[in-house]
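To start, the structure itself, in structure tokens.
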Amino acid sequence: MSSAQHTRRDYAALIGQRGYVVLFHRAGENHCPSCGKSNWIIGRTSAECAFCDLAIPLAEPVGPEIHLDPETERKA
Ligand SMILES: [Zn+2]
């Protein structure tokens, strides 16, 4: 398993520990929990509603490794 896959799994575990969190899924249709519309500006780690500017994290962030926690970084 590559370091990037470890990081993504760690990110998913970190998000999972926060309780109920709305996530943006690239493969599905996503309606904004604030305004109900579905136009998004998608970044590497979050998506922002084009109408009301609500930002939600991506379920599966892309791009270079994401370092959210120094403990996670040491284990990688
Ligand atoms: Zn919205």
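As a basis for the values below, the full set of heavy atoms in this structure was taken, side chains included, without hydrogen atoms, waters or symmetry mates. Counting starts at 1 for both ligands and their atoms, in listed order.
Here His25 contributes atom NE2 and Ile56 contributes atom CD1; the two are 8.0 Å apart, rounded to the nearest 0.5 Å. The line from OG of Ser46 to CD1 of Ile41 is 10.0 Å long, rounded to the nearest 0.5 Å.
Within the sub-2.8 Å shell of the Zn ion (ligand 1), the protein contributes these N/O/S atoms: Cys32 SG, Cys35 SG, Cys49 SG, Cys52 SG.
Nearest heavy-atom pair, Glu60 versus Arg26, reported as atom, atom and distance to 0.1 Å: O-NE, 4.3 Å.
Using a 4.5 Å cut-off between side-chain heavy atoms of Ile, Leu, Val, Met, Phe, Trp and Tyr, Phe51 forms no hydrophobic cluster with any other residue.
Looking at His31, its side chain never comes within 3.5 Å of a backbone N or O of Ser38 through a donor-acceptor pair.
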> Checking side chain to side chain contact (heavy atoms under 4.5 Å, CB included) for the pair Cys35/Cys49: CA distance, chi angles, key distance, verdict?
Replying inline: CA-CA 9 Å; Cys35 72; Cys49 177; 3.7 Å; yes
